[in-house]
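Hydrogens, waters and symmetry mates play no part in the numbers below; they use all other heavy atoms, side chains included.
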Amino acid sequence: RAAIERLRGLPGTEVRITLQRDGDKETHEIAITRAIIKVPSVLGDTLNSDGSWQYFLKDHPSIGYIRLTTFGEHTVDELRSALKSLPKQEVKGLILDLRSNAGGLLTAAIEVSDMFIGDGAIVSTRGRGGAVQSVEMATEKIEIDEDLPMAVLINGFSASASEIVSACLQDHQRAVLVGERTWG
């Protein structure tokens with residue numbers, strides 16, 4: 001934790017660190033320029049040589065594959081872009097991988113769910129005693145053909161926003177859930 005605090009600073013500023021490699025008695029000092037590192041939340045099956053993702057299975061190119069690692073500020077735009085990259089005439093099914101996705105922003109989960117269903121409730125919140133406090137409804141902004149078969153992969157580390165999306169898609173009979181019981 002102390003090392004992290006020492007490495008943090010304004011982007012563009014330099015920090016010097018000293019390294020010692022296994023089996024080496026000498027230390028080496030290097031300079032690192034601080035920067036904001038953007039970590040994508042939407043991944044594909046394989047990484048292309050240019051750093052972009054391939055959003056269908058290498059061994060089964062008619063199956064789209066998209067992994068959401070978190071539900072963050074840019075997830076919706078990243079997912080929309082990934083879905084647009086799938087060649088519609090060639091894709092016969094889609095796998096949405098939410099395994100080990102611990103969640104994130106509720107708004108992102110609602111918007112992701114809305115990409116796949118055309119109407120109905122996405123999620124509702126209830127207060128004490130079970131009284132409904134709010135209901136988030138789908139719009140008609142479907143990003144991918146509703147007839148395209150879909151599977152959602154989940155596991156014991158899928159939680160929060162992942163559970164909202166997977167439950168919504170299952171409740172609307174939009175996707176089949178595959179895996180194990182989620183965190184909650």
Side-chain angles (χ1 to χ4, degrees), residues 1 4 8 36-47 51-57 63-86 88 91 93-184:
R1 191 171 227 196
I4 292 171
R8 285 191 175 151
I36 296 173
I37 301 170
K38 294 182 181 180
V39 179
S41 61
V42 177
L43 310 177
D45 182 45
T46 54
L47 201 56
S52 65
W53 285 101
Q54 192 67 257
Y55 293 110
F56 47 86
L57 297 176
I63 306 296
Y65 174 85
I66 298 175
R67 179 181 181 111
L68 301 184
T69 60
T70 189
F71 287 86
E73 188 177 325
H74 303 290
T75 301
V76 173
D77 291 334
E78 290 175 26
L79 178 57
R80 187 172 285 120
S81 177
L83 290 171
K84 286 180 181 175
S85 76
L86 292 173
K88 292 181 181 9
V91 176
L94 177 64
I95 297 170
L96 185 62
D97 190 345
L98 300 179
R99 292 175 297 175
S100 300
N101 180 325
L105 300 174
L106 174 61
T107 54
I110 292 167
E111 289 185 64
V112 165
S113 298
D114 196 23
M115 290 180 177
F116 298 103
I117 63 170
D119 63 354
I122 292 174
V123 65
S124 62
T125 56
R126 297 177 186 268
R128 294 181 193 256
V132 175
Q133 292 179 326
S134 69
V135 178
E136 295 292 335
M137 301 296 288
T139 65
E140 295 178 7
K141 298 178 188 175
I142 298 173
E143 299 287 332
I144 197 156
D145 184 4
E146 282 187 284
D147 294 327
L148 184 71
M150 230 177 122
V152 177
L153 306 182
I154 54 174
N155 66 8
F157 299 104
S158 303
S160 182
S162 298
E163 292 169 310
I164 290 169
V165 172
S166 58
C168 174
L169 298 180
Q170 180 183 41
D171 288 352
H172 287 275
Q173 299 175 352
R174 181 61 186 94
V176 173
L177 302 186
V178 180
E180 57 192 38
R181 187 179 183 98
T182 61
W183 180 263

- Contact check, side chains of V165 and V152, non-hydrogen atoms, under 4.5 Å: no
- Item | I122 side, atom CD1; F116 side, atom CZ - distance, nearest 0.5 Å | 11.5 Å
- Message: Show the nearest heavy-atom pair for residues I117 and C168, with the distance to one decimal.
- Response: CD1-SG, 3.6 Å
- Message: Testing the basics here: between V135 and V132, what is the closest heavy-atom pair and its distance to 0.1 Å?
- Response: CG2-CG1, 3.6 Å
- Query: Would you say the side chain of L94 lies within less than 4.5 Å of the side chain of L86, judging by non-hydrogen atoms?
  - Reply: yes
- Query: Does the side chain of S41 come under 3.5 Å of the side chain of T70 through a donor N or O and an acceptor N or O?
  - Reply: no
- Item | Full working for side-chain contact (heavy atoms from CB on, under 4.5 Å) between T125 and Q133 | CA-CA 6 Å; T125 56; Q133 292 179 326; 3.8 Å; yes
- Message: Can you confirm whether T69 sits close enough to V39 that some side-chain heavy atom of one is under 4.5 Å from a side-chain heavy atom of the other?
- Response: no
- From CG (L169) to CG (L96), nearest 0.5 Å: 7.0 Å
- Any sub-3.5 Å donor-acceptor pair from S81's side-chain atoms to E78's backbone N or O? no
- Query: Which distance, rounded to the nearest 0.5 Å, do you find between the CD1 of I110 and the CE of M137?
  - Reply: 12.0 Å
- Flag yes if more than 12 heavy atoms outside E180 fall under 6.0 Å of its CD atom; otherwise flag no. yes
- Rounded to the nearest 0.5 Å, how far does CD1 of I95 lie from CG of L57? 5.0 Å
- Task: Supply the atom-to-atom distance F56 CZ to T46 OG1, rounded to the nearest 0.5 angstrom.
- Result: 8.0 Å
- Message: Looking at every non-hydrogen atom in both residues, tell me the closest pair between G118 and A138 and how far apart they are.
- Response: C-CB, 4.1 Å
- Quick one: closest heavy-atom pair of I66 and A82, and the distance? CD1-CB, 4.0 Å
- Item | Close side-chain approach of V123 and S113, heavy atoms under 4.5 Å | no
- Task: Check whether any side-chain heavy atom of L47 sits under 4.5 Å from a side-chain heavy atom of W53, and report yes or no.
- Result: yes
- Message: Restricting to side-chain hydrogen bond (donor to acceptor under 3.5 Å, both in side chains), what partner residues turn up for N155, sequence neighbours left out?
- Response: S100, S158
- Item | Nearest non-hydrogen partners of E163 and T182, listed with the distance | OE2-OG1, 2.7 Å
- Item | Residue pairs fulfilling side-chain hydrogen bond (donor to acceptor under 3.5 Å, both in side chains) with at least one residue in residues 169-178, sequence neighbours excluded | none
- To the nearest 0.5 Å, atom CG of N101 lies from atom CZ of F71 at 5.0 Å
- Kindly indicate whether the side chain of R99, heavy atoms from C-beta on, has any atom under 4.5 Å from the side chain of R67. yes
- Note on the structure: L148 and G93 have their tightest heavy-atom pair at CD1-N, 3.5 Å
- Would you mind telling me which of L83, T75, V112 makes a side chain to side chain contact (heavy atoms under 4.5 Å, CB included) with V42? T75
- Item | Any D114 side-chain heavy atom under 4.5 Å of E136 side chain | no
